[in-house]
Amino acid sequence: MKEYKQLFFKDIQSPVGKIRLVATDVGLTAILWEGEDYQRTKLPVPERDDAHPILL
């Protein structure tokens with residue numbers, strides 16, 4: 001499995017409910033549906049950062 005130095009997330013409202021965007025400093029890494037955990041993605045739990053440039 002690939003090692004991630006730092007993961008960030010931001011929750012946003014969409015027409016289909018809340019989704020969580022997960023990114024590194026390089027780009028978008030995952031999109032999670034409301035209520036979904038990180039097991040499917042096999043990612044470590046990210047840090048919340050609503051102002052991260054990739055997530056804006």
Side-chain angles (χ1 to χ4, degrees):
M1 183 168 74
K2 185 176 180 175
E3 293 293 322
Y4 295 96
K5 291 186 178 191
Q6 185 84 33
L7 290 171
F8 305 96
F9 79 90
K10 177 181 182 175
D11 292 331
I12 62 168
Q13 288 297 327
S14 77
V16 296
K18 186 174 81 171
I19 57 175
R20 178 164 287 181
L21 303 177
V22 182
T24 65
D25 286 330
V26 177
L28 189 63
T29 304
I31 300 172
L32 297 143
W33 298 102
E34 185 170 10
E36 188 175 16
D37 63 17
Y38 295 96
Q39 283 186 329
R40 177 182 62 82
T41 63
K42 296 181 175 58
L43 295 172
V45 177
E47 174 185 329
R48 181 180 196 106
D49 186 351
D50 291 333
H52 192 279
I54 298 291
L55 299 173
L56 292 177

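If you're wondering where the values come from, they're calculated on a predicted model, not measured in any experiment.
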With a 4.5 Å heavy-atom cut-off, do [X] and [Y] have their side chains touching?
X: Val22; Y: Leu43; answer: yes
X: Glu36; Y: Thr41; answer: no
X: Phe9; Y: Val45; answer: no
X: Ile31; Y: Leu21; answer: yes
X: Leu56; Y: Lys10; answer: yes

Inset, instruction - Could you grab the distance from atom CZ of Arg20 to atom CG of Leu55, nearest 0.5 Å is fine? - result: 11.0 Å

Inset, instruction - Enter the distance from Asp11:CG to Glu34:CD here, rounded to the nearest 0.5 Å. - result: 9.0 Å

Legend entry - Minimal non-hydrogen separation, Ile54 against Ala23, with atom names: CG2-CB, 3.6 Å

Inset, instruction - Treating Ile, Leu, Val, Met, Phe, Trp and Tyr as nodes and any side-chain heavy-atom pair under 4.5 angstrom as an edge, say whether Leu7 and Leu28 lie in one connected cluster. - result: no

